[in-house]
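Just so you know, these numbers use all the heavy atoms, side chains as well, and skip hydrogens, waters and symmetry mates. Keep in mind it's a predicted model, so treat the numbers as computed, not measured. Letters A, B, ... are given to chains in the order of the sequence lines, protein chains preceding strands, and every chain is numbered from 1.
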Protein chains: 2
Amino acid sequence: MGTTQLESVPEPKYWHLKTVLSEALDSEFSVGEILPNERDLAARFGVARATLRQALEQLELEGRLQRRRGVGTTVAPPRVGVAVGTEQHAWPGAAGDAWQPVDCEQTIPPAVVAAALDSGADEPVHVVRRSRMSHGQRVATELLYIPAASVPGLTAIDAPSGPARARAVLRELQHLSQESQDRSVELGSARADDAKDLDRLPGSPVLVVTTRFAAEGRTAVLSVATYRADTCRLTFGDSTGVEIHHDPERQAS
Amino acid sequence: MGTTQLESVPEPKYWHLKTVLSEALDSEFSVGEILPNERDLAARFGVARATLRQALEQLELEGRLQRRRGVGTTVAPPRVGVAVGTEQHAWPGAAGDAWQPVDCEQTIPPAVVAAALDSGADEPVHVVRRSRMSHGQRVATELLYIPAASVPGLTAIDAPSGPARARAVLRELQHLSQESQDRSVELGSARADDAKDLDRLPGSPVLVVTTRFAAEGRTAVLSVATYRADTCRLTFGDSTGVEIHHDPERQAS
DNA sequence: AAGTGGTCTAGACCACATA
DNA sequence: ATGTGGTCTAGACCACTTC
């Protein structure tokens, strides 16, 4: 065929825009620098603001940009690696883990959680809330579901709620001997309360890490940890993790 | 306070819409069923189509819906758990792994990859492309970057490219003795070629699993695997993984 | 040809942060 | 008060699948 292949599959404007912006970020901007506002940027590229926003959204999803209402759009630092797989046979709350107890209450868990705990559906459990900092920033919140059977020695002498209670529950947990732990990671969107903790808007993308700790043949603890997907790279395994980000579309030649 | 708290923080329409739809999906629809089209749905809820789409986008992100251009919107099955952390000290291509070699070529890697391989920036490497099926569906594509030094016994007698070549490279890899492997997981958006492999549109959310395999004190293989974030739940560790999805916003009472 | 989801426009108003 | 990003509208046209 002697004919020239001219854009038989024209790429969407926002996609092209994203590529252009991405290259500009690499070459002309430095971390923390603020970009022109959306209206100006849209005008500069000759597109509607909604189209420009579609490109910005993807760049934010990829961790290249950070947008804050009322403030502006800034160039994001590279994602921070947060270790998830380390403490192999330790319980939550073991010495030196990265989490900070926030609160604790005793309630009936959601149906899906009760099922995973294979406890009765109406059985109340301890729910410990913790948060995790990294590089001076809140990167995750966690809910720990702990059946009463997992902390038999727990007394009522401590405060019925609050950080002190949370620490008491976790302390009691250390007495169990752990058999195994299963972990899974999936994409989710932040619930209202998690979003608030993470300083994001509700619905922002998060990585949900669900861990089930087993002891004495049953599920002793269920942890649901919610990490900011825009700023976090979850690392597993032996060492500190690889650092590969935003693969350029084309290979260097 | 005797006053009634009336929506001092009114939630966005699309957020409320998402909640309503989510509940409808739980109670009134079954997996695979097709929803009314976007124009009808928008009219039914009295919102603009763009607003309705914002709700649908989030539900798709959470793996509750599947949308296909020209076809319609269907209720998605629960996410499939795909094991990522199993073969602890095995190389890619070891007997019984879940991957299928697709192609192989020898090129200069992107700069970020070259850096992670700590090889010279202009050093060509073998790039093996593989794909992974699960439950009859393509769930991931992978690029393996393998420096020539990692496969010293490789001969040129096989085809210079194609699946046969890929298998030859992987076979050669098994001779090395592995020291460690690091893994990390982060959110990304599908590049054009990956999107095609995964039967998604470019830019759709993916989970990028980067694994570095070490041998003889250096990086022997770098794997960048791209999983469909809408359909996959990545599982690690001892067993098959927990199954918790779409936590209802409020706890059961 | 008809129907679907995907892209795009040119506006408007709102919530939030900052000065 | 001003400026930012976030939400929302009512259209239009395009790409794709199916009939």
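Scored by the side-chain contact (heavy atoms from CB on, under 4.5 Å) test, B:V71 finds B:R68 as partners (sequence neighbours excluded). Here A:T51 pairs with A:K13, A:Y14, A:V47, A:A48 under the side-chain contact (heavy atoms from CB on, under 4.5 Å) rule; sequence neighbours left out. In this view, A:R228 and A:D230 satisfy the salt bridge (Lys or Arg N to Asp or Glu O under 4.0 Å) rule, not counting sequence neighbours. Scored by the side-chain contact (heavy atoms from CB on, under 4.5 Å) test, B:R69 finds B:L201 as partners (sequence neighbours excluded).
B:L56 comes within 4.0 angstrom of no nucleic acid atom, judged by non-hydrogen atoms across all strands. Within 4.0 Å of A:R68, counting heavy atoms only, lie sugar-phosphate atoms of the nucleic acid but no base atom.
Here the closest heavy-atom approach between residue B:T235 and residue B:G81 is recorded as CG2-CA, 4.0 Å.
Within residues 37-45 of chain B, the residues that place at least one heavy atom under 4.0 Å from DNA chain C are, in residue-number order, B:N37, B:E38, B:R39.
Put simply, B:T73 has no side-chain N or O that comes within less than 4.0 Å of OP1 or OP2 on C:dT4. Phosphate contact (OP1/OP2 of C:dC8, side-chain N/O of A:Y14, threshold under 4.0 Å): absent. Taking 4.0 angstrom as the limit, A:T51 places none of its side-chain polar atoms (N or O) nearer than this to OP1 or OP2 of C:dT7. Between B:R53 and C:dG6, a side-chain N or O to OP1/OP2 separation shorter than 4.0 Å is present.
Other residues, nucleotides and ligands contribute more than 12 heavy atoms inside 6.0 Å of the CD atom of A:E33.
Counting only distance, with no hydrogens or angles, the side chain of B:E60 and the backbone of B:R67 share a donor-acceptor pair below 3.5 Å. Looking only at distances, a side-chain donor or acceptor of B:D103 sits under 3.5 Å from a matching main-chain atom of B:G162.
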So which protein nitrogen or oxygen atoms get under 3.5 Å of nucleotides 17-19 of chain D's nitrogens or oxygens?
none

